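Okay, so here's the structure we're looking at.
No experiment lies behind these values; they were computed from the predicted model shown.
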Amino acid sequence: MRTMVDWSELRPELLVLIVRRINMIEDYLNFRIICKSWHSVATRDNFNSNLPRAPWLMLAEEENDRTCRKFFSLYNGMILKKRIPGASEKRCMESKGWLITVGKDEGEVSLLHPFSGVQIELPHQKTTERYEHNYTHVPWTFIRKAVLSANPSHTYDYAVMVIEGRFELLSLWRPGDLLWTRILMPIHIGHISDVVYFNGHFYAVTFGRWVQICDVVGSELINIHTIAQLASWNDGRNYILESLGSLFVVAQQFVDLRHANDDRERIPLRHIPGEDDEKICTHRTRKFLVFQIDLVSCKATPTRDLGDQAFFLGANASLSIQASQFPGIKPNCIYFTDSWLGAYAYFEKGCGLDMGVFNLADGSIQPHYDGVSVSRVCPPIWVTPNPC
């Protein structure tokens, strides 16, 4: 007769060899829940935290459980529920696996690791230069984007660059600073749309599609100059990111910028009555245009071929991954979430409907998440999962 194998009795040294070969965090988390003995070896030391990760979709906060968040994996459709009380009723952005949170009522700012629970307090947004002339009507929309230069889990030598305020300016913080330091940019380039850290420099792109390089030493801007300027149009947002050692700018174009009380295709979007009722608009992404930036010739070349790469855009630090490394991720596509902050405060349920997968080859847009997840404070965002 065949004897049944009790997998829980595998020797610990053999389990360690197995878990160290796992390169997908989804598989790592499934490994941990098999039994107590398997969970005991699935430790931080036995998991390669430097391996590439496919972002998860962190869904909006649910009204009946504000201390937890759900994460949707594109790899296998798995939904993980994680208790993250530090993110409750806060606007969240993401960079290198960390959340940058802004309090809904008080506007306090912090770095929060969603899986380990580690939290780093940052200076209050009121410490930014000339805050009283630059504040926004709601605290959680003051910081529009946040980007880390390095992972705080791995080094103390890092910086946080944020796009902040009504005029979408740049401010910088380093560990030990007691306030935010304003990075003064040329007035003519206009409001900042996105920023990325690449090869030791911060690069920024404006709504007018000026691409700038910013050299920062300590908290001082020592050099800034224009790399390129792309043709501009009025609607949409611009993103900047690195992919395979090259710099890219992605221009988002909206359609259906119109006065509307609801989106009958998905869910009611009842707007909150106020003085600006005639200005309330819904929006939907129509397409993306991608430009590769040549840092030597300072030219921007349009492209519709990202090869095996997939871009992830939204309220996260814009990033690129190699699609073939992750089952379920489509190459030559742009995965996007709703990042149009202006509309969040005007609807009872908030926003978050404008998200999907844009195929650069044929211009089609398909959903990446079939459910509905909306919020007035923090709609779904991309988060790079890492247990430590």
- Message: For a quick check under 3.5 Å, do Q309 and S320 share a side-chain donor-acceptor pair by atom type?
- Response: yes
- Note on the structure: Here the gap from Y239 atom OH to I334 atom CD1, rounded to the nearest 0.5 Å, amounts to 10.0 Å
- Item | Shortest non-hydrogen separation from I293 to A300 and the atoms involved | CD1-CB, 3.7 Å
- With Y369 as partner, the option from W382, F72, F336 fulfilling ring pair (Phe, Tyr, Trp, His ring centres under 6.0 Å) is F72
- Under 3.5 Å side-chain donor-acceptor pair for H113 and S116: yes
- Check the hydrophobic clustering (I, L, V, M, F, W, Y; side-chain heavy atoms under 4.5 Å; chains of links allowed) and say if L169 and L179 are grouped together. no
- Query: Should the ring pair F71 and F115 be called parallel, tilted or perpendicular, given that the plane angle runs from 0 to 90° and is split at 30 and 60?
  - Reply: tilted
- Message: Hydrophobic clustering (ILVMFWY, side-chain heavy atoms < 4.5 Å, transitive) - are V109 and Y158 grouped together?
- Response: yes
- Query: Can you find a side-chain donor-acceptor pair between S318 and D194 that sits under 3.5 Å?
  - Reply: yes
- Using atom types as modelled and distance alone, determine if a side-chain donor or acceptor of R209 lies under 3.5 Å from a backbone N or O of T206. no
- Item | Salt bridge flag under 4.0 Å for residues K145 and E164 | no
- Flag for D354-T285: side-chain donor and acceptor within less than 3.5 Å: yes
- Expected output: side-chain N332 to main-chain A310 donor-acceptor under 3.5 Å: no
- Query: Of all heavy-atom pairs between C92 and I381, which one has the smallest distance, and what is that distance?
  - Reply: O-CD1, 3.6 Å
- Step through the shown structure and confirm whether more than 12 heavy atoms of other residues, nucleotides or ligands are within 6.0 Å of CZ on R304. no
- Will you find, in the side chains of Q252 and R237, an N or O donor that is under 3.5 Å from an N or O acceptor? no
- Item | Q212 versus T226, side-chain donor and acceptor atoms under 3.5 Å | yes
- Query: Ring centres of F248 and F311 under 6.0 Å apart?
  - Reply: yes
- Is the centre of the Y335 ring less than 6.0 Å from the centre of the F312 ring? yes
- Item | Main-chain N/O of C378 paired to R91 side chain as donor or acceptor, under 3.5 Å | no
- Message: Would the distance check show the side chain of S193 and the main-chain N or O of N238 forming a donor-acceptor pair, the cut-off being under 3.5 Å?
- Response: yes
- Exceeds 12 heavy-atom contacts within 6.0 angstrom, atom CD of E13: yes
- Item | 4.5 Å side-chain heavy-atom contact, W38 and L15 | yes
- Message: Would you say that L112 contacts V118 through its side chain, given a criterion of any heavy-atom pair below 4.5 Å between the two side chains?
- Response: no
- Query: With hydrophobic residues grouped by side-chain heavy-atom distances under 4.5 Å, do V16 and I18 end up in a single group?
  - Reply: yes
- Message: For the NE2 atom of H368 and the CG atom of L57, what is their distance to the nearest 0.5 Å?
- Response: 6.0 Å
- Message: Closer than 3.5 angstrom, by distance alone: can the side chain of E242 be matched with the main-chain N or O of L244 as a donor-acceptor pair?
- Response: yes
- Distance (rounded to the nearest 0.5 Å) between I227 CD1 and K299 NZ: 15.5 Å
- Counting N and O atoms only, with roles assigned by atom type, does the side chain of N316 sit under 3.5 Å from a partner on the main chain of V383, one being a donor and the other an acceptor? no
- Task: For the residue pair Y203 and Y197, establish whether any side-chain heavy-atom pair is separated by less than 4.5 Å.
- Result: no
- Between S110 and Q119, the two heavy atoms sitting closest are OG-NE2, 3.2 Å
- Message: Is any side-chain heavy atom of V162 closer than 4.5 Å to one of L172?
- Response: no
- So, N151 and W98: side-chain donor and acceptor under 3.5 Å apart, yes or no? yes
- Check the side chains of D157 and T155 for a donor-acceptor pair under 3.5 angstrom, ignoring hydrogens and angles. no
- Message: Test your reading of the model: is there a side-chain donor-acceptor pair from S95 to the backbone of A317, 3.5 Å cut-off?
- Response: no
- Message: Counting neighbours of NE2 on H133 that are heavy atoms of other residues, nucleotides or ligands and sit closer than 6.0 Å, is the number greater than 12?
- Response: yes
- Query: What's the spacing between S375 OG and W140 CH2 if we round to 0.5 Å?
  - Reply: 8.5 Å
- Query: So which heavy atom on D305 is nearest to which on G307, and how close?
  - Reply: OD1-N, 2.9 Å
- Over all atoms of both residues, closest heavy-atom pair of K330 and A323: C-CB, 3.9 Å
- Task: I would like to know whether K90 and E61 meet salt bridge (charged side-chain N to carboxylate O under 4.0 Å, His left out); could you show each step before the answer?
- Result: CA-CA 9 Å; K90 293 184 178 179; E61 188 174 82; over 6 Å; no
- Message: Whether E89 and K104 form a salt bridge (side-chain N of Lys/Arg under 4.0 Å from carboxylate O of Asp/Glu) is what I want to check.
- Response: no
- Message: I want to check something: taking the side chain as every heavy atom from C-beta on, are K126 and E132 in contact at a cut-off of under 4.5 Å?
- Response: no
- For S149 and A159, indicate whether the former's side chain and the latter's backbone hold a donor-acceptor pair under 3.5 Å. yes
- All heavy atoms of G314 vs all of T337, minimum pair found to be CA-OG1, 3.4 Å
- Message: Taking the side chain as everything from C-beta on, heavy atoms only, tell me whether P55 gets closer than 4.5 Å to L319.
- Response: yes
- Would you call L74 and W56 a side-chain contact if the rule is heavy atoms closer than 4.5 Å? no
- Query: Any donor and acceptor pair, going by atom type alone, linking the side chain of D177 with main-chain N or O of R174 inside 3.5 Å?
  - Reply: yes
- Item | Cluster check F358, L353: I/L/V/M/F/W/Y, side chain < 4.5 angstrom | no
- Item | Any donor-acceptor N/O pair, S88 side chain to P85 backbone, under 3.5 Å | no
- Message: Is it true that, when you exclude L178 itself, more than 12 heavy atoms of the residues, nucleotides or ligands shown sit nearer than 6.0 Å to its CG?
- Response: no
- Angle class for the Y131/Y135 ring planes (parallel below 30°, perpendicular above 60°, tilted otherwise)? tilted
- Query: According to a 4.5 Å side-chain heavy-atom criterion applied to Ile, Leu, Val, Met, Phe, Trp and Tyr, with indirect links allowed, do V196 and V290 form part of one hydrophobic cluster?
  - Reply: no
- So CG of L247 and CG of L241: to nearest 0.5 Å the spacing works out to 7.5 Å
- Item | Spatial distance of atom CZ (R66) from atom CD1 (I84) [nearest 0.5 Å] | 15.0 Å
- Query: Do M93 and L99 have side chains that get closer than 4.5 Å, going by heavy atoms?
  - Reply: no
